[in-house]
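Note that these values count all heavy atoms, side chains included, but never hydrogens, waters or copies made by symmetry. In what follows, chains carry the letters A, B, and so on, assigned in the order in which the sequence lines appear, proteins first and then strands, with residues in each chain numbered from 1.
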Amino acid sequence: MDTMQTQTQAATAVQAAAQQHNEPSWLINKRLAALDQMADLPMPLVQRFNYRDWELMPGNLQWADSKRDLAQVADGPVQIVQVGQTTVRVNLPEKLQEQGVVLTDFFTAVKDYPDLVQEAFMTKAMKSNENRLASYHTAYLNAGVFLYVPNNVVISEPIDIQLIQDNTLDQPLNSHVLVVAGRNTEVSVSQHLTTVGENANLANCLMEVIADENSHVTVATLDELGRKTMAYVERRAYAADNASVNWAVGFMNEGNTIGNFDTELNGVGSRADAKVIAITDHDQRMGVNTKITNRGKHTNGNILQRGVILEDSELVYNGIGDIIHGAAGSEAEQENRLLMMSSNAHGNANPILLIDENDVMAGHAASVGQVDEQQLYYLMSRGIRRETAERLVIRGFLGAVLSAIPAKAVRSQLVDIIERKLENGR
Amino acid sequence: MATLEIKDLHVEVTDEENQTAKEILKGVNLTMKTGEIHAIMGPNGTGKSTLSQTIMGQPSYHVTQGDILLNGESIVDMPVDERARKGLFLGMQYPAEIQGVTNAEFLRAAVNARRAKDDQISVMDFLKMLDKNLAILDMSEAMTERYLNEGFSGGEKKRNEILQLLMIQPSFALLDEIDSGLDIDALKVVSKGVNAMRGDNFGSMIITHYQRLLNYIVPDVVHIMMGGRIVKTGDASLAKRLEKEGYAGLRDDLDIDVALVDEN
Ligand SMILES: Nc1ncnc2c1ncn2[C@@H]1O[C@H](COP(=O)(O)OP(=O)(O)OP(=O)(O)O)[C@@H](O)[C@H]1O
Ligand SMILES: [Mg+2]
């Protein structure tokens with residue numbers, strides 16, 4: 001079969017599935033355009049990390065219901081829970097509904113709020129034609145969440161987005177979380193990604209955050225996709241004038257994973273803070289790009305990444321600070337540190353500063369090292385056993401990021417996951 | 001009563017640069033019992049820290065001859081944490097700094113390390129004990145919420161070593177220059193901490209350069225170390241004599257054949 005023919009067949013299949021799903025023509029066209037350009041686009045560049053042989057684009061768009069009882073998640077006051085493509089519950093207090101806040105399944109939003117979704121979906125924070133996995137995502141999108149916070153609304157309660165990949169089925173999870181925060185808003189989102197079931201599937205999970213003027217958006221994530229899931233996780237933000245976006249990513253997926261976290265500081269005086277913690281184990285491979293682009297004047301970007309590499313695993317941290325010409329008075333700081341816990345561990349902490357503007361302050365620090373024997377000796381000289389001493393040192397190493405995670409619940413869950421990984425990974 | 005016996009102890013370190021072994025301790029003999037305070041004095045570079053680190057089990061120091069017995073049991077093959085749980089404590093000359101681990105969290109881990117899994121200290125009891133010891137050492141509670149030794153001043157680090165001593169309650173404390181860098185008030189406070197431990201169930205080996213500390217913690221026995229050996233043992237008056245005569249005088253008095261660092 002020649003590629004033209006395959007391409008046409010794929011387009012026909014996507015179109016049929018989307019129509020069966022009663023999607024509006026703008027979305028179907030967007031899918032088809034993305035599909036059309038896929039082959040010509042490059043894969044996302046993750047420096048010093050080779051994933052050429054990963055199968056990241058299984059081409060099937062199907063609709064399937066998941067069993068609702070696969071979602072074992074405690075009820076939360078402001079919450080959406082999805083297992084696979086099935087929305088299990090949405091809790092949105094009346095007061096927020098009255099203020100115009102929207103929290104719903106993505107495809108419901110496409111029906112009920114077509115203008116809002118069409119304006120924001122893959123238009124501002126990222127575009128389908130940026131790389132091949134983004135275009136794949138658009139073409140094969142099969143789940144998602146839409147959160148809309150109208151101008152001047154401040155939400156004090158964190159919004160809990162629980163996405164459970166259904167690996168009892170045989171299909172990828174291509175999920176899109178779209179967050180639109182209007183002017184002068186304040187919202188904090190926590191996202192929890194998990195897997196149920198034993199099948200091997202892809203997860204292609206994207207999140208877009210559009211932070212309008214003077215909005216303040218905080219996102220804390222707990223990524224716990226299963227060992228049999230190969231994952232591409234991309235999180236993007238667009239920050240308008242004086243907006244701030246704070247990321248805290250607990251990257252605890254168990255399978256091979258690529259992370260792409262990228263914030264564009266477009267508006268004057270906008271700020272971003274990106275904190276990432278990862279632990280890898282077994283023969284897992286993980287490559288992470290964390291990037292902040294300073295485009296507007298007086299913007300401020302801060303990247304802090306720490307990772308622990310256990311057993312035979314590999315973890316690569318690229319910290320990318322991109323200061324565009326004209327972003328005068330901007331600051332870009334980054335720190336990428338890795339701790340290797342075994343002699344078979346592979347790590348790379350790679351700061352990349354791209355600076356095309358003179359009037360800026362930029363700095364970086366990076367390190368890849370082992371647990372300090374002097375520190376261990378000191379702790380052990382107080383009777384503390386080696387394993388406990390190592391755990392203390394590692395926890396301390398991750399502490400700089402941990403303590404900065406604003407959502408207390410996320411923080412303590414993350415601590416538990418870390419403890420469990422360290423317990424197993426020795 | 002517990003005993004700590006050092007028998008004909010010879011210790012080597014490996015020189016990092018040229019990978020050659022260098023003998024530092026050349027036959028140390030010393031016996032301590034709980035209830036006793038021993039002071040060890042001696043010129044720079046003579047092996048005092050080496051002795052304390054070797055007793056504790058720092059892995060860079062290799063015992064090539066002799067033995068260390070704790071209550072009659074040889075400990076030279078035990079890892080450091082096991083020695084600690086058997087009752088040894090080393091107040092270090094240069095305590096490590098550990099980012100991200102609070103002092104309180106560390107102290108609790110240390111206290112619990114010596115207790116059975118099903119008999120871990122309750123938060124209430126721990127805090128009670130902590131408060132009592134903080135008061136003895138005139139330390140603020142804020143110090144316990146800071147990261148372990150990180151950014152502590154020299155004096156604060158020493159005080160923190162003594163806080164650990166009071167919390168852990170070992171049978172034997174080896175205190176290496178616990179007085180260096182302390183102002184007069186801090187010296188009194190630290191001494192008060194050590195004296196609070198004094199009693200039938202506690203013994204200490206205090207390494208110091210200064211007689212002044214021994215005015216506050218009066219030793220039962222004073223040892224002078226030179227050239228990797230203990231060359232003279234006496235009572236508290238020996239330290240006073242040393243203060244007057246200096247090591248050169250004492251060496252010549254005793255007719256010992258060692259070179260001192262400050263001589264040319
Ligand atoms: N880990 C090591 N590696 C190499 N040499 C060492 C090591 N530890 C000690 N030494 C050497 O052994 C000798 C004794 O050192 P030690 O620290 O025991 O002396 P000290 O009596 O405590 O001196 P001070 O009064 O200055 O503290 C010194 O020459 C020192 O350089
Ligand atoms: Mg010394």
Minimal heavy-atom distance between Y147(B) and S403(A), with the atoms involved, is OH-OG, 4.4 Å
Turns out that what part of P170(B) lies under 4.5 Å from chain A's heavy atoms comes down to neither
Tell me whether D131(B) at atom CG has more than 12 heavy atoms from other residues, nucleotides or ligands lying less than 6.0 Å away. yes
Query raised in the report: Should the heavy atoms of other residues, nucleotides or ligands under 6.0 Å from CZ of R235(A) be counted, would the total exceed 12?
Result: yes
On a heavy-atom basis, the closest approach of V101(B) and G396(A) is CG2-CA, 4.0 Å
Hey, is CG on D283(A) packed in by over 12 heavy atoms from elsewhere, all under 6.0 Å?
no
Under 4.5 Å to a heavy atom of chain A? For E150(B) that would be neither
Ranked by heavy-atom pairs below 4.5 Å to chain A, first place among E97(B), R114(B), M92(B), M167(B) goes to M92(B)
So, R386(A) and E82(B), do they make that salt bridge, N to O below 4.0 Å? no
Q. Would one find more than 12 heavy atoms of other residues, nucleotides or ligands at under 6.0 Å from atom CD of E419(A)?
A. yes
Under 4.5 Å to a heavy atom of chain A? For I168(B) that would be side chain
Closest non-hydrogen atoms of L148(B) and L379(A), given as atom of the first, atom of the second and distance, are CD2-CD2, 3.9 Å
Legend entry - F106(B)/R382(A) under side-chain contact (heavy atoms from CB on, under 4.5 Å): CA gap, chis, key distance, verdict: CA-CA 9 Å; F106(B) 158 68; R382(A) 289 357 181 188; 3.3 Å; yes
To the nearest 0.5 Å, atom CG of L90(B) lies from atom OH of Y378(A) at 9.5 Å
Heavy atoms of other groups near Q19(B) CD, more than 12 under 6.0 Å: yes
Smallest heavy-atom separation, V80(B) atom then S381(A) atom, equals CG2-CA, 3.5 Å
Smallest heavy-atom separation, G383(A) atom then A84(B) atom, equals N-CB, 3.2 Å
Applying a strict 4.5 Å limit to non-hydrogen atoms, the region of N149(B) in contact with chain A is side chain
Output for pair (R395(A) CZ, I98(B) CD1), nearest 0.5 Å, gives 12.5 Å
Correct closest heavy-atom pair for Q375(A) and A96(B) would be CA-CB, 4.2 Å
Flag if over 12 foreign heavy atoms under 6.0 Å of CG, D200(B)
no
So, the part of Q58(B) with a heavy atom under 4.5 Å from chain A: the answer is both
